[in-house]
Amino acid sequence: MKRSLCLLLLLALALILPGCGGGGGGGSAAGGYYSSYSPQASPTVTPTPPVWSGTSKFGCGGPESSDFQSLVALGVHRKRVAISIFPSGSFTFDFLDSQVTANQAYSILTYFIIDPNRTGSTWVSSSTFSSALGTIVERYDGDGVNDMPGLLYPLQDFEICNEIDTQSTRWSGFTDAMYLDFMEKCFAAVKSASPGARLFAGALSQPPVGNNNKTFDRLVQNGGTPYFDAISYHDYQYLLEMDSLQAYLASRNLLSKPVYITEADMSVEYNTSPQPTFTEQANMLIKSYAYALANSNIKTIIVTELQALSTQPAKLQWAALLDLSGTKRPSFYACGKLIEKVDNFTESGLFSAGTGITCVRFVANNRTVYILWAAAAAQAMIPTSAPRVRVTPVVPDGNGQFTSTEITASAGYATVPASSTASYVEEVVP
């Protein structure tokens, strides 16, 4: 009863209280290419009264993504934040509190990445680490006990061991047996602090098949499946290797575990020849996100990076939604349109619209939205009870605008041209 009452009070406050931003600190995330984070800038627009956004499917960036004006325009409601716990186990909440406070002012939920770290060759112990993690979970779970002052939303998603690879230099000395021990102790600590919180296994960077990192697979084979609620996944190429991931999860009886794609962009495509234009990149990105979300176990997609940073490799700069100067690329407008069309969807899945056509059907806000494309020109058959459907390419024009056309239906179907550029198809409602 106490927990329910506290949550109701927190949600009521969320409707009337704006937040504020600030702070700074360090950690590691985002594909392993950050060794530290710069201080987060103060919000650049006046915060609007937060609204509960727990059903949103989309997020973008981490602490370095401090352009809240662009995040609000994009329509995302999730961001990453990461810290490391060293052998002493000591840490302060200053950095995490500043991130949570800034994020919640814009109705953005925080996804936590808590990594074990070492001093020299000595890793933090599993007992020390799990104790620290339990304290962090307790501070942000919104149950009214030892919560962060001013917390507006219960925060429930906690990942440990981001992109762990026990064969790599970064994780030297951290064994598979240690990983299993950490997961077991951390799972118990998370559930003790907040039974509704979710523990994620360390993010997979690509499916653990072939020559890819097999640390996660060894965790599963060693009996670790009961010790994580959900799976974090990273991928950076067209269609996000989704078929391979789903086949692997099926082979290990893991399809019932929710999957959050916590980093996703097209940076691998940077090295293809010819290199895709930014418009082509946007088209690939939306097709990839739609194709992933057709799978019922894919619950969230967080774009890897909002804005290009000079400290990043060239391919990551190329894949960001904003360039180095903050100018919006076609991918920014394309992602914003996808979020506008399908966020908070209640149904999704592949739909048979014709030979050679890939079509994903979403039901969002009591409306059906199809996203379809084909490798070669084709005609898609889309069922409709309306006299006309509206067709909108998923990529904008040079001004960031989207142009739609209408097609008249006949005998309950609309015949819609499909091409390599994906399109949205929706009923025209009188």
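Just so it is clear, the values below take in all heavy atoms, side chains as well, and ignore hydrogens, waters and symmetry mates. Start at 1 with the first residue, then count along the sequence.
Counting heavy atoms from C-beta on, the side chains of Asp265 and Glu305 never come closer than 4.5 Å. You'll find the side chain of Asp235 reaches within 4.5 Å of the side chain of Pro207, heavy atoms only. Taking 4.5 Å as the limit, some side-chain heavy atom of Gln246 sits within range of a side-chain heavy atom of Ile298. The shortest distance between side-chain heavy atoms of Val100 and Met148 falls below 4.5 Å. With contacts defined as side-chain heavy-atom distances shorter than 4.5 Å, the pair Pro63/Phe95 qualifies. For the pair Phe58 and Val342, the minimum side-chain heavy-atom distance is below 4.5 Å. Proximity of Ile286 to Cys335: side-chain heavy atoms (C-beta onward) are separated by under 4.5 Å at one or more points. Between Asn117 and Val124 there is no side-chain heavy-atom pair separated by less than 4.5 Å.
For Tyr111 and Glu159, the side-chain atoms include at least one donor-acceptor pair closer than 3.5 Å. No side-chain donor from either of Ser194 and Glu138 sits under 3.5 Å from a side-chain acceptor of the other. Defined by atom type and a distance below 3.5 Å, a donor-acceptor pair is missing between the side-chain atoms of Tyr270 and Gln281. Using a 3.5 Å distance cut-off with no hydrogens or angles, the side chains of Asp165 and Ser168 do not pair a donor with an acceptor. Between Ser125 and Thr128, the side chains place a donor N or O and an acceptor N or O closer than 3.5 Å (distance only, hydrogens not considered).
Between Ser56 and Arg78, the shortest heavy-atom contact is O-NE, 3.0 Å. Minimum interatomic distance between Val395 and Thr279 (heavy atoms only, all atoms of both residues): CG1-O, 3.7 Å. Taking each heavy atom of Val190 and Val137 in turn, the nearest pair found is CG2-CG2, 4.0 Å. Residues Arg139 and Pro149 share a closest heavy-atom pair of NH2-CD, 3.6 Å. Between Ala386 and Thr384, the closest heavy-atom pair is N-OG1, 3.0 Å. Residues Lys287 and Leu239 approach most closely at O-CD2, 4.0 Å, considering heavy atoms.
The CD1 atom of Ile114 lies 8.0 Å from the CZ atom of Phe91; values are rounded to the nearest 0.5 Å. Separation of atoms SG (Cys359) and CD1 (Ile382) is listed at 4.5 Å; rounding is to 0.5 Å. Atom NZ in Lys79 sits 6.0 Å away from atom CD1 in Ile108 (nearest 0.5 Å). One finds the CG atom of Leu180 at 9.5 Å from the NZ atom of Lys185 (value rounded to the nearest 0.5 Å). The OG atom of Ser331 lies 8.0 Å from the CG atom of Leu322; values are rounded to the nearest 0.5 Å. Rounding to the nearest 0.5 angstrom, the gap separating the CG atom in Asn344 from the NE2 atom in His77 is 7.0 Å.
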- Task: Give the intermediate values and the outcome of side chain to side chain contact (heavy atoms under 4.5 Å, CB included) for residues Thr300 and Thr262.
- Result: CA-CA 7 Å; Thr300 293; Thr262 53; over 6 Å; no

- Could you walk me through whether Leu199 and Leu133 pass the side chain to side chain contact (heavy atoms under 4.5 Å, CB included) check? CA-CA 10 Å; Leu199 181 65; Leu133 177 62; 4.2 Å; yes

- Would you please test Thr403 and Gln401 for side chain to side chain contact (heavy atoms under 4.5 Å, CB included) and show each step? CA-CA 7 Å; Thr403 302; Gln401 301 298 311; 5.7 Å; no

- Could you go through the side chain to side chain contact (heavy atoms under 4.5 Å, CB included) check for Ser172 and Arg118 one step at a time? CA-CA 10 Å; Ser172 177; Arg118 58 185 171 168; 3.7 Å; yes

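The salt bridge (charged side-chain N to carboxylate O under 4.0 Å, His left out) with Asp229 is formed by just one residue from the set Lys191, Lys299, Lys257; it is Lys191.
Checking side-chain atoms of Ser192 against main-chain N and O of Ala188 turns up no donor-acceptor pair under 3.5 Å. Distance alone, capped at 3.5 Å, places no donor-acceptor pair between the Asp97 side chain and the Asp94 backbone. Looking at Tyr179, its side chain never comes within 3.5 Å of a backbone N or O of Thr166 through a donor-acceptor pair. Here the side chain of Thr277 pairs a donor or acceptor atom with the backbone of Glu280 at under 3.5 angstrom. Side-chain atoms of Asp217 do not come within 3.5 Å of backbone N or O of Val209 as any donor-acceptor pair. Between the side chain of Arg390 and the backbone N or O of Val429 there is no donor-acceptor pair closer than 3.5 Å. Formation of a donor-acceptor pair under 3.5 Å by the Ser84 side chain with backbone atoms of Pro116 is not found in this model. Formation of a donor-acceptor pair under 3.5 Å by the Arg329 side chain with backbone atoms of Trp318 is found in this model. Checked by atom type and distance alone, the side chain of Asp141 pairs as donor or acceptor with a backbone atom of Asp143 at under 3.5 Å. Side-chain atoms of Tyr289 do not come within 3.5 Å of backbone N or O of Val303 as any donor-acceptor pair.
Within the structure, salt bridge (Lys or Arg N to Asp or Glu O under 4.0 Å) contacts touching residues 193-203 (residues at least two apart or in different chains) are Asp157-Arg198.
Under the 4.0 Å criterion applied to side-chain N and carboxylate O atoms, Arg170 and Glu163 are not assigned as salt-bridge partners.
Judged by a 6.0 Å distance limit and a 45° cone about the ring axis, Lys337 is not positioned over the six-membered ring of Tyr424. Geometrically, Lys57 engages Phe345 in a cation-pi contact defined by less than 6.0 Å to the ring centre and at most 45° from the axis.
Between Phe182 and Phe174, the distance separating the two ring centers is shorter than 6.0 angstrom. Ring to ring, Phe112 and Tyr140 are close: their centroids are under 6.0 angstrom apart.
The aromatic rings of Phe68 and Tyr106 lie parallel to each other, with less than 30° between the two planes, well short of the 60° mark.
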